[in-house]
A.B. asks: 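Take this structure, written in structure tokens, and hold onto it; I'll ask about it next.
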Amino acid sequence: MSNTNAQTKSVVWDWLTTVDHKKIGIMYLVAGAFFFALGGFEAILMRIQLMFPEATFLPAQTFNELLTMHGTTMIFLAAMPILFGLMNYIVPLQIGARDVAFPFLNSLGFWLFLFGGILLNLSWFFGGAPDAGWTAYVPLSSEYSGTGIDYYVLGLQISGAGTLIGGINFLVTIINMRAPGMSMMRMPLFTWSTFVASTLILFAFPALTIGLLLLMLERIFGATYFAVASGGNVVIWQHLFWIFGHPEVYILILPAFGIFSEIIATFSKKRLFGYSAMVFATLLIGFLGFMVWAHHMFTVGMGPIANSIFAVATMAIAVPTGIKIFNWLFTMWGGRIQFTTANLFALGFIPSFVMGGVTGIMLATSAANYQFHDTYFVVAHFHYVIIGGVVLGIFGGAFYWWPRMFGYRLNETLGKIFFWMFLFGFHLTFFVQHFLGLMGMPRRVASYLPGQGLDEMNLISTIGAFLMGVAFIIFVVNIFVSMKNKETSGDPWDGRTLEWTIPSPTPEYNFAQTPLVRDVDALWYEKYEGEGSMKAAEPLGDIHMPNGSILPVIISLGLFIASFGFIYHDDGWTWVAIVGLVITFGSMFVRSIKEDHGYHIPVDEIKKGGK
Amino acid sequence: MAQHGMDPTAPLTGEPTKKTRRKLAKEMRTQLIGFGFMIFLTTMAFISIASDEIPSGFAIPFILLLACIQVVLQLYIFMHLNERGNGWQNIMIWTAVLIAIPTVASLMLLLGIVKY
């Protein structure tokens, strides 16, 4: 039987055991921001090394480790978790739900990600970080690398399991927990893009899991999937990695597209132009994302017909993406545009991302790709789409949803300084890299010779990287400086969607009464056609809540411990692996047999406005 | 504190309604016909291998085809994918098939010795 009240807990214990989607979202954001700062620091170290020709700031081995860890950290431990944080906090609010479908799994997903990330980064202290690039191509990673790659394999395996769990959770939540009246075609675009991105996670991550498993068996247990001498095939790894890796970039960019759709509609004071075309384009991008992976491998020798097919398929993605760009422009057309910081990020995104898209089409031209491949042109391209798309989206979303998530607004003046400095620094860093690449500077090199026309542009690029670093520090300062600007209104931007219908700070049960949705932009509809606030779909009553649990931490900790057993298996550490797995499966067993029905928040407390 | 909902583990009491009975009869018929058809498909597969008359060049693709038909039918008849309320399961399964088939097919071509 369930308790009437939750037990009182200390702050630390509360956060360790929480299954509340809002707290888990914030933990994702904090952990993601930490790894973002770490990955940024690694990038700045690399740019210092490349500032002048033949610099000796870093040894080449350290440079290789930095470039690997920068890529891996930014993709798996920064961009995805921060997006997951926003999804976790916002999606249940946007669909009028009280939590995600599986709160316990949500917590498990977060802790798996965090322990995986910590494991990966511990490699710095135990024999050197992975050094084979974030793509970890075999045989470099299988035969010519140290224990760093073992940390890479197991760290990504653990955090990948967390991501997969999170993705499935979002799918079930969005399918089953929408408020009455919210059909699929009334969902806000951020929820839609979360849905499609989660589908991509569901179908793409298994390929990574298998790839990593094969690499682990090869490295730790002497299998020969990739060993050519024993009849293996090295190209299989590249295929498996990119079958996952290409959908992965859409997993990153689609939620950012969703964020911009929310921001642009809100700050243009207009309904999103071409809502159904936007949804359709999102689905199409998601589907085509699976059909183009081999465009990362044009120079591997697949043959001209295969290259052409993948080139054409890749160019096809420009069509739905173009539809989205034009829809954003038409949303703004004739709107009353407010230049808030969040909207500046959306406006800065459009030209920046289009530039990245155009170089994408250039790279997709398979014949020309032989020239571009593995040069700084590629580096410039993917930083334009990832920073110009995903990172601007994350910052825009942070400024937009900050009052919702933390109960105060970020300072607009500091925000605008941050925006311009970041945008300027970003273009300064990466625009010149297109030309460095066209002049033949290969990527992933620790140094270059003077007098080859590369000196000035490398210096400019490094100055841009410093600007981005300073801009990020201003953002962090902004977080602390703005804390006093308490936001009492739940709807600071005159919002359109359900997350702005609840009081600030967000009560732990989200909605005292599940709202009734009557249109896309549910809140906007009530403001202009109804009485200004949401109609309730249910009477006020006790609210059933799940109990917190420490088990997700213990399950993840067990896998973390077991990983050391696998990595040092040759040194007789097998027993550590067994201990770790016993902890994991033991706590899963406890979870299975222990009955836990949650508790209820009584009506009186809800009437008082919650805690 | 209010009791939330009935006990779902309580045994059902009383007779089924006429509508339910008709539905169950129809369900039983579908299951039996489906079962008979599955046995027929399996027999065909067995015969195509057991008989020396049929060359293996025909038998192998034929069996694979029968296997695909049988998987789909089993999902719909025995795993109840054909019933109402399973729309999302259908969407996700067929999306996965739609993605997996071109991926695996092109991967097999790309990894071969022959270059296209």
A.B. asks: Heavy-atom cut-off 4.5 Å, strictly under: side chain, backbone, both or neither for A:Leu202 against chain B?
C.D. replies: side chain

A.B. asks: Within a strict 4.5 Å, meaning less than it, do heavy atoms of the B:Thr95 and A:Phe203 side chains meet?
C.D. replies: yes

A.B. asks: Could you tell me which residues satisfy side chain to side chain donor-acceptor pair (under 3.5 Å) with A:His239, sequence neighbours excluded, listed by chain and number?
C.D. replies: A:Trp293

A.B. asks: Taking atom CZ of B:Phe46 as the centre, report whether more than 12 heavy atoms of other residues, nucleotides or ligands fall under 6.0 Å from it.
C.D. replies: no

A.B. asks: Could you check whether atom CE of B:Met28 has more than 12 heavy atoms from other residues, nucleotides or ligands sitting under 6.0 Å from it?
C.D. replies: no

A.B. asks: Nearest 0.5 Å please: distance from the CG atom of A:Asn233 over to the CG atom of B:Leu111.
C.D. replies: 5.5 Å

A.B. asks: Within the 4.5 Å heavy-atom criterion, are A:Phe287 and B:Leu98 side-chain neighbours or not?
C.D. replies: yes

A.B. asks: Can you tell me which portion of A:Met297 sits under 4.5 Å from chain B's heavy atoms? Options are side chain, backbone, both or neither.
C.D. replies: neither

A.B. asks: Given heavy-atom pairs under 4.5 angstrom as the criterion, report whether the side chain, backbone, both or neither of A:Phe290 touches chain B.
C.D. replies: both

A.B. asks: Checking A:Leu240 against chain B: side chain, backbone, both or neither under 4.5 Å from a heavy atom?
C.D. replies: neither

A.B. asks: Atom CE of A:Met291 and atom CD1 of B:Ile99: how far apart are they, to the nearest 0.5 Å?
C.D. replies: 6.0 Å

A.B. asks: Considering only heavy atoms, which portion of B:Leu109 lies under 4.5 Å from any heavy atom of chain A: side chain, backbone, both, or neither?
C.D. replies: neither

A.B. asks: Heavy-atom count check: over 12 atoms from other residues, nucleotides or ligands less than 6.0 Å from B:Met79 CE?
C.D. replies: no

A.B. asks: Please check if the number of heavy atoms outside B:Phe78 that lie under 6.0 Å from its CZ is greater than 12.
C.D. replies: yes

A.B. asks: Going from CD1 on B:Ile91 to CD1 on A:Ile175, what distance comes out if it is rounded to the nearest 0.5 angstrom?
C.D. replies: 7.5 Å

